[in-house]
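Both backbone and side-chain heavy atoms feed into the values below; hydrogens, waters and symmetry mates do not. Numbering of residues begins at 1 and proceeds along the displayed sequence. Keep in mind that this is a model prediction, so the values were computed, not measured.
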Amino acid sequence: MQCATADEKHLIRMIDANRYAAPDAICSVSCKQSLAWSDWETDISKAMYEVLRNLENALRCTVAARLVLHYGQEDWWEAPTLRLTYETKKKIEEAKSKLRRANAPLTPTAIQREVSLGFWVTLMGRGTDYETQLWRPMKAGFPGYQGRRAQLYVRMNHLRILRNKIAHQERIGGRDLTADRSSALTAIGYVSEAVARRVSAADVAIPTLLAARPEVCPQRRGEES
């Protein structure tokens with residue numbers, strides 16, 4: 001027996017709603033409850049994206065400021081003594097290409113705003129001796145962090161993966177989103193405790209949504225009873 005009407009089934013197919021439901025929460029691929037899961041995933045993804053957006057902005061601003069200071073030029077990536085990997089250079093060129101297509105000025109600020117969170121996380125990786133070339137000059141931009149570069153990279157990369165899942169409309173409800181939120185706020189706090197407190201206070205959506213996670217379809221519960 002199906003729990004969805006014909007119109008609901010059509011809607012489920014058109015928005016691919018069942019992909020967002022917890023595996024044990026719906027009675028079939030056409031379950032009405034998948035619509036509730038789809039809406040919830042949309043809302044929780046928006047809320048988590050806002051937290052990650054703040055992380056990306058804080059990360060970009062602090063890293064750029066430290067590298068400009070160290071290399072003595074606004075376009076620090078063009079510094080003669082800096083050796084970047086091919087992939088890092090490629091991301092810069094891709095950002096420039098996007099700006100050209102939009103007829104936007106190729107200012108250092110515009111280029112840095114165009115690159116993704118992944119670019120900034122990459123700078124914390126091993127790269128071509130990024131430990132010496134990048135981490136040492138940039139680490140002063142993380143006054144709240146006392147650990148090693150590699151450990152910070154792991155945290156930031158984990159958050160980058162989450163950000164990409166949201167961008168590609170993948171289901172994130174199976175993750176420990178409470179831990180993800182906490183990790184993002186901790187990472188922001190490494191740069192600025194004041195910013196982390198502000199982001200935390202502004203984010204009332206994630207705790208509220210986590211407390212209102214959709215329920216299991218009644219028919220599914222009946223099958224299991």
Side-chain angles (χ1 to χ4, degrees), residues 1-60 94-95 98 101-102 113-121 154-188 195-225:
M1 182 178 178
Q2 299 292 321
C3 65
T5 66
D7 287 344
E8 288 167 341
K9 290 178 185 178
H10 174 72
L11 182 57
I12 290 166
R13 287 194 301 271
M14 292 304 295
I15 65 174
D16 199 14
N18 62 69
R19 70 180 286 195
Y20 298 111
D24 58 351
I26 58 177
C27 65
S28 70
V29 295
S30 299
C31 180
K32 178 180 179 178
Q33 193 66 0
S34 63
L35 294 172
W37 278 96
S38 179
D39 291 343
W40 184 82
E41 277 279 339
T42 297
D43 292 339
I44 196 71
S45 293
K46 285 180 183 176
M48 190 63 72
Y49 179 82
E50 285 300 308
V51 174
L52 295 173
R53 181 175 67 90
N54 281 284
L55 170 62
E56 181 173 348
N57 286 336
L59 189 60
R60 181 184 70 250
E94 289 173 347
K98 289 181 182 179
R101 290 195 296 270
R113 285 175 176 169
E114 190 62 45
V115 294
S116 67
L117 174 61
F119 172 83
W120 302 104
V121 173
V154 169
R155 180 186 292 275
M156 294 296 187
N157 195 49
H158 182 83
L159 294 168
R160 176 195 65 82
I161 292 171
L162 172 59
R163 193 288 188 190
N164 286 352
K165 285 182 177 295
I166 293 171
H168 293 107
Q169 302 178 40
E170 295 183 31
R171 178 175 180 265
I172 64 171
R175 296 173 60 102
D176 185 344
L177 295 175
T178 298
D180 285 331
R181 178 183 185 272
S182 178
S183 182
L185 292 172
T186 296
I188 295 171
V195 174
R197 287 194 297 270
R198 183 180 186 278
V199 174
S200 180
D203 173 38
V204 296
I206 294 176
T208 300
L209 287 164
L210 291 177
R213 191 185 298 265
E215 298 179 353
V216 174
C217 171
Q219 288 198 28
R220 176 79 181 200
R221 290 198 301 267
E223 291 173 359
E224 296 175 345
S225 61

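Here the closest non-hydrogen pair linking K9 and S30 is CG-CB, 3.9 Å. Annotation for A22 and R171: closest pair CA-NH2, 3.3 Å, computed over non-hydrogen atoms. Listed here is the closest heavy atom pair of W37 and P214: CZ2-O, 3.4 Å. Of all non-hydrogen atoms in V51 and I188, the two that sit nearest each other are O-CD1, 3.9 Å. Between E8 and C3, the shortest heavy-atom distance links the atoms OE1-O, 4.2 Å. Contact record, K32 with A4: N-CB, 3.9 Å, taken as the closest heavy-atom pair.
The NZ atom of K46 sits 12.5 Å away from the CD1 atom of I166 when rounded to the nearest 0.5 Å. Atom CZ in R163 sits 6.5 Å away from atom CG in L117 (nearest 0.5 Å). The distance from atom OG of S45 to atom NZ of K165, rounded to the nearest 0.5 Å, is 11.0 Å. In this structure, CD1 in I172 is found 13.5 Å from CD1 in I161, a value given to the nearest 0.5 Å. Rounding to the nearest 0.5 Å places CD of E41 at 11.0 Å from CD of Q169. From T42, atom OG1 reaches atom CG of L209 across 10.5 Å, with rounding to the nearest 0.5 Å.
A 6.0 Å sphere centred on CZ of R198 holds no more than 12 heavy atoms belonging to other residues, nucleotides or ligands. For E170, the CD atom counts as densely surrounded, since its 6.0 Å shell holds more than 12 non-hydrogen atoms of other residues, nucleotides or ligands. Counting heavy atoms of neighbouring residues, nucleotides and ligands inside a 6.0 Å radius, atom CZ of R113 does not exceed 12 of them.
Using a 4.5 Å heavy-atom cutoff, the side chains of L55 and M156 are in contact. Residues N57 and R53 are in side-chain contact: their nearest non-hydrogen atoms beyond the backbone lie under 4.5 Å apart. Taking the side chain as every heavy atom from C-beta outward, H158 and D180 approach each other to under 4.5 Å. The closest side-chain heavy-atom distance from L35 to Y20 is not below 4.5 Å. Using a 4.5 Å cut-off on side-chain heavy atoms (C-beta onward), F119 and R60 make no contact. The side-chain heavy atoms of R155 and T186, taken from C-beta on, include a pair separated by under 4.5 Å. Annotation: side chain of I206 is in contact with side chain of M48 (closest heavy-atom distance under 4.5 Å). For the pair R160/S116, no side-chain contact is recorded, criterion being any heavy-atom separation below 4.5 Å from C-beta on.
When atom types are taken as modelled, the side chain of E50 and the backbone of D203 share no donor-acceptor pair closer than 3.5 angstrom. Listed for the S200 side chain is no donor-acceptor partner under 3.5 Å among the backbone atoms of A196.
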For L210 and W40: C-alpha separation, side-chain torsions, deciding distance, then whether side chain to side chain contact (heavy atoms under 4.5 Å, CB included) applies.
CA-CA 9 Å; L210 291 177; W40 184 82; 4.2 Å; yes

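A side chain to side chain contact (heavy atoms under 4.5 Å, CB included) with I12 holds for exactly one of S34, S38, S28, C31; it is S34.
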